Amino acid sequence: MLPASLPPLSKGGHAAHCKRCLSGLPSSQVDIDPAKLALSFYCLGSLDVSGELEKKTKDWEREQWREWIWSQQTRGHHGTGFRASSYMTAKHSTEEHSGHDNPQIIMTYTALLSLSILRDNFSRLDRKGLLEFLRSCQNIDGSFSSEPLGGDSDLRTTFCAFAISTMLDDWSGMDVANALQFIYSCRTYEGGYGQSPFGEALGGTTYCALAALRLATKQLDPLSLQDRQKTVRWLVQNQAYNGGFSGRTNKDADACYCFWCGASLHVLDAGDLVDNAAMSSFIASCQFKYGGIAKIPGEHPDPYHTYLSLAAVALLPPNSSEGASWALCPLDPLLNATYQTSSWARAHIPAPKVDDDALGDAGI
């Protein structure tokens, strides 16, 4: 049960902050403008998980956002995906493809979830091109690059490939066994996972590794009981004295890691080991009085920390009426979206099933 002294979670204020950021970024946030598609996901995700999307937005606004996201779908020389934004291109619809508007794997993952939040029917999705794009992003070591034949290559991009394959319900775009071997190679002596082999264990990439393993194998059978216990211990130790989670050993707590580490524990079926009351108190202290959640108390908020903090709260078990403002839409920890949105994605993103009987009746 949440403590009586816990201040309310300002769901309306946080939703309003994110809606404002969908229209224009404050000066403190303009450096993330080139990743506008990911930013849109954090804003829409906050509206979705707080249950404020229908209340705070109008039909024409949601349609406008859908159209903008679809305008970022681009076909390159190595398949189709979504680019970060149109900031590097002009008159895209009439120009030949250039290297500046390559599809990007993280942006593609966030685009699919954003369109699912907006309940799009995905009739415009180039599924064949998307599978071609995934194949062109996989490297010899099993990892995935952010762009075809280049770009960042680590567990973040590899998780996105697993999530996209799950939403497509089609794993033909990757060598799954090779990708799993890459994930195993990123495991550290502490039990966490680094961005790449021999890297330091990080909360975010540990989530990416565990979620990808569960998505591909349904259960974490590839991990031994000892391995799982070691990972659980490392994650639990990352919960700091103030209730927040740190992303690395001996680092200060940061609100985003309440999700990355907390969700990792849920993936491992060990979510009951999170000190929920302490974590909620830390997130409450990171709330900004005008809406939004910051990485630590006293700093300015941003959509990234706002969404991940709300996502962490959404994983908490239901509480009594004393914590009614803290009740959010339940979250699917594997895709990092509400269950309603992840169910929509799984139902509408895969290619429509062909009715063999209908084909037979048509003489095909």
Side-chain angles (χ1 to χ4, degrees), residues 14-15 18 35 37-53 69 82 104-119 144 146 154-169 183 193 195 202-216 218 220 235 245 247 254-271 274 279 283 293 295 302-316 328-349:
H14 303 328
C18 288
L37 197 49
L39 173 73
S40 299
F41 166 66
Y42 299 131
C43 293
L44 292 171
S46 295
L47 289 163
D48 189 30
V49 75
S50 62
E52 298 285 315
L53 183 63
I69 294 170
F82 291 79
Q104 208 263 14
I105 200 165
I106 295 177
M107 301 305 150
T108 300
Y109 159 72
T110 57
L112 294 177
L113 284 183
S114 294
L115 289 167
S116 297
I117 291 170
L118 295 168
R119 303 299 187 256
F144 283 79
S146 58
D154 52 46
L155 276 179
R156 298 170 305 156
T157 48
T158 301
F159 160 74
C160 289
F162 277 68
I164 292 168
S165 298
T166 296
M167 288 187 277
L168 283 170
D169 192 25
I183 294 174
Y193 293 76
Q195 282 191 321
L202 305 171
T205 47
T206 294
Y207 164 80
C208 290
L210 297 173
L213 288 174
R214 179 63 65 89
L215 287 171
K218 307 301 181 185
L220 290 177
L235 290 165
F245 279 83
D254 179 325
C256 71
Y257 290 108
C258 292
F259 173 78
W260 297 128
C261 294
S264 294
L265 286 165
H266 280 271
V267 172
L268 290 166
D269 299 321
V274 176
M279 187 188 76
I283 290 174
I293 301 174
K295 64 183 294 185
D302 61 81
Y304 173 78
H305 288 91
T306 298
Y307 172 69
L308 290 174
S309 296
L310 294 175
V313 173
L315 289 171
L316 299 179
L328 300 178
C329 299
L331 195 87
D332 178 352
L334 296 183
L335 287 181
N336 190 9
T338 64
Y339 275 109
Q340 287 184 330
T341 291
S342 68
S343 296
W344 183 276
R346 293 171 188 269
H348 293 83
I349 293 178

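Since the model is a prediction, treat every value here as computed from it, not as a measurement. Count residues from 1 along the sequence.
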Taking atom [atom1] of [X] and atom [atom2] of [Y], what is their separation to the nearest 0.5 Å?
{"X": "Ile164", "Y": "Phe144", "atom1": "CD1", "atom2": "CZ", "value": "9.0 Å"}
{"X": "Ile69", "Y": "Leu118", "atom1": "CD1", "atom2": "CG", "value": "5.5 Å"}
{"X": "Tyr257", "Y": "His305", "atom1": "OH", "atom2": "NE2", "value": "8.0 Å"}
{"X": "Phe162", "Y": "Thr157", "atom1": "CZ", "atom2": "OG1", "value": "11.0 Å"}
{"X": "Ile105", "Y": "Ser146", "atom1": "CD1", "atom2": "OG", "value": "8.0 Å"}
{"X": "Leu112", "Y": "Met167", "atom1": "CG", "atom2": "CE", "value": "4.5 Å"}

Does some side-chain heavy atom of [Y] sit less than 4.5 Å from a side-chain heavy atom of [X]?
{"X": "Tyr193", "Y": "Leu210", "value": "yes"}
{"X": "Leu308", "Y": "Cys258", "value": "no"}
{"X": "Leu315", "Y": "Phe259", "value": "yes"}
{"X": "Met279", "Y": "Phe245", "value": "yes"}
{"X": "Cys160", "Y": "Thr108", "value": "no"}
{"X": "Leu235", "Y": "Leu268", "value": "yes"}
{"X": "Tyr109", "Y": "Phe159", "value": "yes"}
{"X": "Leu155", "Y": "Gln195", "value": "no"}

Show the nearest heavy-atom pair for residues [X] and [Y], with the distance to one decimal.
{"X": "Val49", "Y": "Ala314", "result": "CG2-CB, 3.6 Å"}
{"X": "Ser264", "Y": "Gly203", "result": "OG-O, 4.3 Å"}
{"X": "Thr306", "Y": "Cys18", "result": "CG2-SG, 3.9 Å"}
{"X": "Met107", "Y": "Leu37", "result": "O-CD2, 3.6 Å"}
{"X": "Ala212", "Y": "Ile183", "result": "CB-CD1, 3.7 Å"}

Side-chain donor/acceptor pairs under 3.5 Å, residues 328-340, sequence neighbours excluded:
unit_1, atom_1, unit_2, atom_2, d
Asp332, OD1, Leu334, N, 3.0
Asp332, OD2, Ser342, OG, 3.1
Asn336, OD1, Tyr307, OH, 2.9
Thr338, OG1, Asp48, OD2, 3.0
Thr338, OG1, Thr341, N, 3.2
Thr338, OG1, Thr341, OG1, 3.1

inquiry  = side-chain contact (heavy atoms from CB on, under 4.5 Å) for Phe82 and Gln104? Distances and angles first, verdict last.
reply    = CA-CA 6 Å; Phe82 291 79; Gln104 208 263 14; over 6 Å; no

message = Can you classify the ring geometry of Tyr304 versus Tyr42 as parallel (below 30°), tilted (30 to 60°) or perpendicular (above 60°)?
response =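 Because their plane-to-plane angle is over 60°, the rings of Tyr304 and Tyr42 count as perpendicular.
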
request  = Check the pair Asp169 / Arg346 against side-chain contact (heavy atoms from CB on, under 4.5 Å), numbers first and verdict last.
outcome  = CA-CA 7 Å; Asp169 192 25; Arg346 293 171 188 269; over 6 Å; no

key: Pair listing, side-chain hydrogen bond (donor to acceptor under 3.5 Å, both in side chains) test, anchored in residues 204-213, at least two apart   =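 side-chain hydrogen bond (donor to acceptor under 3.5 Å, both in side chains) check on residues 204-213 returns no pairs.
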
